[in-house]
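Following: one structure in structure tokens, then a few remarks.
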Amino acid sequence: MTDANAREAGGRPAYLGLGANIGRRARALSDALALLDATDGLSLTAVSSVYETEPVGVTDQPRFLNLVARFECRLSPEELLAAAQDAERRLKRVRARRWGPRTIDVDILLIGDERITTPALTVPHPEMTRRQFVLVPLAEIAPEVALPGGRTAGELSGGESAAVRRLGTVAEVVARESAEAGSDG
Ligand code: GSY
């Protein structure tokens, strides 16, 4: 469904950033997308490639796999946050320390053109315009989307680099990861 259709149907596009840097990283991303897409009021409309990215913030941790997905969203912001947290919980998110390694992280980046500031949620995501691991995949699926500060994802994305390296589609990267892990799934 296009963004225009989503609005007509009472929804709006929501962009989520997903990241994983422990265990079967690609499978965690893929499973999170499936869980979110199965949620009433959410339907997946676009997914970027998977990128392997240098950790930002705490740098002494494994590289992440990151992607950005767009959903047609008929949920309130609070309901969307609950859905994101539920997906993290169901994938048995492990996070040993704040800003440290995690099995799956689901960040709400944008919900239409809404501005939300509550103790639990800030939308647009306050760090998104400074994070190339968000901007590069976002620019792949939505180069024209306007971000805080008035510039677009396409303008702010630095493109692929050694720090944000495109690995392939979700299906390709999951298949490669499974083959590398052997026959246990
Ligand atoms: O909020 C995202 C978690 N995170 C990431 C991430 O997903 N990717 C990279 N490359 N660095 C990160 N630092 C944090 S915190």
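For ligands, and for the atoms within them, numbers begin at 1 and follow the listed sequence. In this text the structure is predicted, and so the values were computed from the model without any measurement. FYI, the numbering just counts along the sequence from 1.
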Under the side chain to side chain donor-acceptor pair (under 3.5 Å) definition, can you give me all pairs with a residue in residues 136-150, not counting sequence neighbours?
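Sorted pair list: S49-E140, Y51-E140.
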
Mind jotting down which residue pairs meet the salt bridge (charged side-chain N to carboxylate O under 4.0 Å, His left out) criterion with at least one end in residues 116-128? Sequence neighbours excluded, please.
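The answer is E127-R130.
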
Within 6.0 Å of CZ in R63, more than 12 heavy atoms from elsewhere:
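For R63, atom CZ is crowded (more than 12 foreign heavy atoms under 6.0 Å).
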
A120: partners by side chain to side chain contact (heavy atoms under 4.5 Å, CB included), with sequence neighbours left out:
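Per chain and number, A120 pairs via side chain to side chain contact (heavy atoms under 4.5 Å, CB included) with L81, T118.
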
Distance dump, ligand 1 polar atoms to protein, N/O, under 3.5 Å:
unit_1: ligand 1; atom_1: 1 (O); unit_2: D105; atom_2: OD2; d: 3.0
unit_1: ligand 1; atom_1: 1 (O); unit_2: D107; atom_2: OD2; d: 2.7
unit_1: ligand 1; atom_1: 1 (O); unit_2: R131; atom_2: NH1; d: 3.3
unit_1: ligand 1; atom_1: 7 (O); unit_2: N66; atom_2: ND2; d: 2.9
unit_1: ligand 1; atom_1: 8 (N); unit_2: N66; atom_2: OD1; d: 3.0
unit_1: ligand 1; atom_1: 10 (N); unit_2: T53; atom_2: OG1; d: 2.8
unit_1: ligand 1; atom_1: 10 (N); unit_2: E54; atom_2: O; d: 2.8
unit_1: ligand 1; atom_1: 11 (N); unit_2: V56; atom_2: N; d: 3.0
unit_1: ligand 1; atom_1: 13 (N); unit_2: V56; atom_2: O; d: 2.8

Would you mind checking if R24 and E177 are paired as a salt bridge, meaning a charged N to carboxylate O distance below 4.0 Å?
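Yes, E177 and R24 are salt-bridged.
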
Where do V68 and I141 come nearest, in terms of heavy atoms and distance?
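Scanning both residues, the minimum pair turns out to be O-CD1, 3.6 Å.
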
